[in-house]
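Numbered from 1 within each chain, the chains take letters A, B, ... in sequence-line order.
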Protein chains: 2
Amino acid sequence: MQGMTGKNIASGGLRERKKRATRAALAEAAVRLAAEQGADNVTVEAISAAAGVSVRTFFNYFDSRDDAFVVIDADVGIRVRQALLDAPAALSPLEALREALAVELSEAERQHELWSLHAEVLRTSPHLLVRSLGAHMADEAGLAEVIARRLAGGATDDDAVVPPDDGSGREQRPALDLYPRLLAALAGTAVRVSAQHWCDRQDELAFADVFREVFALLAAGLPAPAR
Amino acid sequence: MQGMTGKNIASGGLRERKKRATRAALAEAAVRLAAEQGADNVTVEAISAAAGVSVRTFFNYFDSRDDAFVVIDADVGIRVRQALLDAPAALSPLEALREALAVELSEAERQHELWSLHAEVLRTSPHLLVRSLGAHMADEAGLAEVIARRLAGGATDDDAVVPPDDGSGREQRPALDLYPRLLAALAGTAVRVSAQHWCDRQDELAFADVFREVFALLAAGLPAPAR
DNA sequence: TGAAAAAATGCATGCTCTGCAAAATCGTGC
DNA sequence: GCACGATTTTGCAGAGCATGCATTTTTTCA
């Protein structure tokens, strides 16, 4: 494996691919085991064994055991933000938001079985549902930032994806404006509500369609940006 | 428990009052300690000691250490739901919701210092912020249920407060309608966004006022119920 | 006051999570 | 191919979290 002189294709080096694989394996193992025997009865040891790594390695990938149940796809947040930045300038912030999320949700529906199990796990252990909800909303902050950037006037300087908040909380940010936050909150709300609704009537409708409907309902009243 | 010589006044027996006090003491101790030395460096032992109870007792009140940082007021959810049920029938669901929450937020502002500390703790440890956000949203489900009841036609049969979801998840509920959920989600969103905004411009504005403004912005577009 | 109910406590136990250092693996230049 | 630096994995030890159970203390009410 030497001649890899120029191979930073889609996924990046081999090392990174392996990391993604390991992470995905851990997350999937966690969800499957939890669906079988209940999340509370699944130890980190069992998850690690199922994924073929050591316990210590598990904690190199997840901050806590519950994270493995909650964070199925670690960088969905990054992808959405990137999609927002890449969206054609002609789209209003709301439209761009709607499209970016709809695409992401359609993608998720491809792995229908895994997400179904995930939903079941969350349904049977409210403790994890709370964590999941919280995790979703943590993304809203990053979303608001990107929206603010877009509103501020494209700022196509680099289009480098905004990294997720490192969580240190050190850096005092310049007090985000209200409107971007409302947009982000609305988007998050739409995702959440449609997820709930979709979970109830599972298989009857396409997730993305439910989402578009809910999004439209919520968005109908938001005043247009001042610009 | 038949005698009960007419003493179930506002606070209910002495026993219950003591429990509330202990719980409050633990929560306050947790927040103060966390604000001082960082949440990560606060052990359950320290919290328990500060509140004057044993470690084992701590876990009789909170399911986990983090809960003590997050759940400052355990039954705010119950109060809001009760307020919704008690609200005059003349008010639209949105108005009732807005008033109930505004009252609650004003109450919270009375203990301004404690909430300030709480906000600081959440700001400095994102881990807890996620939990807090999740906890808020767990309330939305209960809220949606009460709203649905109100929409369904008052149903003043008993006006007994709806107990918080026991979290067992056993009972398959009859698939809540979409509209109540949207209303609940909107309310939760308003609380969250206004809390964020208020945290940035601390002391400049009254929390309740920010909330009303945000609520109005969000509500402006929600279509009226179909009935 | 005395008995029943509820709460607090101590103890034992298993699991979670972190820091540290050694071993295995990967990426790269030669 | 091979060696060297960088990254990742792993084991181990230790602190802290969380729960079940039996016991003691407190509250309630007759």
- Message: Checking the side chain of A:Thr189 only, and the main-chain atoms of A:Ala185 only, is there a donor and an acceptor separated by less than 3.5 Å?
- Response: yes

- Could you state the atom-to-atom distance from CG of A:Asp67 to C1' of C:dC17 in whole Å? 12 Å

- Message: Is the distance from the ring center of A:His118 to that of A:Trp115 below 6.0 Å?
- Response: yes

- Message: Taking the six-membered ring of B:Phe62 as reference, does the cationic atom of B:Arg23 (NZ for Lys, CZ for Arg) lie under 6.0 Å from its centre and within 45° of its axis?
- Response: yes

- Query: When you check the gap from the basic side-chain N to the acidic O, do B:Glu113 and B:Arg32 get nearer than 4.0 Å?
  - Reply: yes

- Message: Counting only heavy atoms and a strict 4.0 angstrom limit, can you tell me which residues of residues 47-60 of chain A come near DNA chain D?
- Response: A:Val53, A:Ser54, A:Arg56, A:Thr57, A:Asn60

- Item | Nearest-angstrom distance from the residue atom CG of B:Asn41 to P of D:dA15 | 16 Å

- B:Phe62 atom CZ is separated from C:dA8 atom C1', nearest whole Å, by 16 Å

- Query: Rounded to the nearest Å, what distance is computed from the CZ atom of residue B:Arg15 to the P atom of nucleotide C:dA5?
  - Reply: 11 Å

- Figure out the CG/P separation between A:Asp63 and C:dG19, and round it to whole Å. 11 Å

- Task: Using a strict cut-off of less than 4.0 Å between a Lys/Arg side-chain nitrogen and an Asp/Glu carboxylate oxygen, indicate whether B:Arg110 and B:Glu107 qualify as a salt bridge.
- Result: yes

- Query: How long is the line joining CD of B:Glu16 and C1' of D:dT26, in whole Å?
  - Reply: 16 Å

- Can you tell me the distance, in whole Å, between the CZ atom of B:Arg17 and the C1' atom of C:dA7? 17 Å

- Starting from P on C:dT16, measure out to CG on A:Leu128 and report it in whole angstrom. 13 Å

- Message: For A:Glu140, is there an ion pair with B:Arg192 - N to carboxylate O distance below 4.0 angstrom?
- Response: yes

- From the options D:dC17, C:dC17, C:dT16, select the nucleotide whose nearest atom is closest to the side chain of B:Arg65. D:dC17

- Task: Could you tell me whether B:Tyr61 contacts a base, only the sugar-phosphate backbone, or nothing, with contacts defined as non-hydrogen atoms closer than 4.0 Å?
- Result: sugar-phosphate

- Item | Along DNA chain D (nearest heavy atom to each residue), the more 5'-positioned of B:Val44 and B:Lys18 | B:Val44

- Task: With side chain to side chain contact (heavy atoms under 4.5 Å, CB included) as the test, would you mind laying out the steps for A:Val42 and A:Gln37 before giving the verdict?
- Result: CA-CA 7 Å; A:Val42 178; A:Gln37 23 187 313; 4.1 Å; yes

